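Keep in mind the model is a prediction, meaning the values are calculated, not measured.
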Amino acid sequence: MASASEKYAAFEEKVSRTVYFDNLSPQVTESVLRTAVEQFATVKSVKFIPNYLGPTNLPQCALIELDSSKKVKEVVSMISQYPFMMSGMPRPVRARPAEAEMFDDRPEKPDRKIKCCWLDPSDPDFEVAKDLKRLTRRHAVEAEYVHKLQLQEEKKLAEQQGETLNMHYKKFKLVDSIMADGTAKHLAKRYNLGVADE
């Protein structure tokens with residue numbers, strides 16, 4: 001059986017090969033994400049990070065393990081430079097190298113000792129603990145506000161993509177109707193243009 005240090009070294013190697021994706025659509029599936037990322041690198045595994053704090057319609061996050069740490073840098077660079085296309089629509093996805101704290105199944109760090117104790121109000125660390133408690137509450141309020149902003153952005157993006165799809169559909173129907181009723185052939189004859197039959 002491998003020692004704790006060997007397990008942690010293997011875990012650190014896995015972290016170096018993993019990309020963290022943020023702001024994914026709530027409807028995205030593992031197969032869609034795998035297909036999109038496999039354009040750049042071989043995907044070993046995809047793991048979605050569950051959202052325990054807010055509603056389920058918030059954008060998702062995922063950890064995607066690739067075949068090498070070099071590919072991680074390439075994928076992060078590509079995502080930062082170009083729009084991320086999923087199911088034919090661009091998404092404002094963010095990507096960055098993963099960190100060990102992002103994994104809920106990370107092994108215990110070797111030689112790490114955690115010590116817990118109750119603090120007396122006269123203890124100098126008591127004020128530090130109170131500050132940390134206030135900071136945690138403030139962070140929760142800020143996180144809730146950010147979630148609201150994300151929902152608003154998601155709604156705007158969905159409306160924009162819906163309008164784009166409707167516009168393309170109307171154009172297609174217009175072209176299809178012009179071809180079907182013979183208007184295209186009539187205009188082609190009038191202006192001496194060649195039009196394919198299909």
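Annotation: side chain of Leu66 is not in contact with side chain of Phe40 (no heavy-atom distance under 4.5 Å). Contact of the Val19 side chain with the Leu63 side chain is not registered, since no non-hydrogen atoms from C-beta on lie closer than 4.5 Å. Put simply, the side chain of His186 does not reach to within 4.5 Å of the side chain of Lys189, judged on heavy atoms. Counting heavy atoms from C-beta outward, Asp22 and Arg96 have side chains that stay 4.5 Å or more apart. A 4.5 Å side-chain heavy-atom check between Thr18 and Val72 finds every atom pair outside the cut-off. Tyr20 is listed as a side-chain neighbour of Cys61, based on a closest heavy-atom distance under 4.5 Å.
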I would like to know whether Phe11 and Val15 meet side chain to side chain contact (heavy atoms under 4.5 Å, CB included); could you show each step before the answer?
-> CA-CA 6 Å; Phe11 169 72; Val15 171; 3.6 Å; yes
CA sep, side-chain torsions, deciding dist, call: Lys156, Gln160, side chain to side chain contact (heavy atoms under 4.5 Å, CB included) | CA-CA 6 Å; Lys156 281 184 201 173; Gln160 181 184 19; over 6 Å; no
Step-by-step side chain to side chain contact (heavy atoms under 4.5 Å, CB included) determination, Phe21 to Val75 = CA-CA 10 Å; Phe21 277 82; Val75 168; 3.8 Å; yes
Given the rule in the side chain to side chain contact (heavy atoms under 4.5 Å, CB included) test, do Val76 and Lys73 qualify, once you have shown the distances and angles that lead to the verdict?
-> CA-CA 5 Å; Val76 169; Lys73 293 176 185 172; 5.9 Å; no
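Annotation for Arg17 and Ser69: closest pair CG-N, 3.9 Å, computed over non-hydrogen atoms. Residue Ile64 comes nearest to Val43 through the heavy atom pair CG2-CG1, 3.7 Å, listed as atom of the first residue, atom of the second, then distance. Residues Gln60 and Val28 approach most closely at NE2-O, 3.5 Å, considering heavy atoms. Heavy atoms only, all atoms of each residue included: Phe126 and Asp120 are closest at CB-O, 3.5 Å. Of all heavy-atom pairs spanning Ser45 and Arg34, the tightest one is CA-NH2, 4.0 Å. The shortest heavy-atom contact between Leu174 and Ser177 is O-OG, 2.8 Å.
When atom types are taken as modelled, the side chain of Asn23 and the backbone of Pro92 share a donor-acceptor pair closer than 3.5 angstrom.
Just one of Glu99, Arg106, Glu101 meets the side chain to side chain contact (heavy atoms under 4.5 Å, CB included) condition when paired with Phe103; it is Arg106.
Remark: the Glu12 side chain and the Ser16 side chain contain no N/O donor-acceptor pair separated by less than 3.5 Å.
Within 6.0 Å of CD in Glu144 there are 12 or fewer heavy atoms belonging to other residues, nucleotides or ligands. Around atom CG of Asp111, no more than 12 heavy atoms belonging to other residues, nucleotides or ligands sit under 6.0 Å away.
Distance OG1/Thr183 to NZ/Lys185: 11.5 Å, rounded to 0.5 Å.
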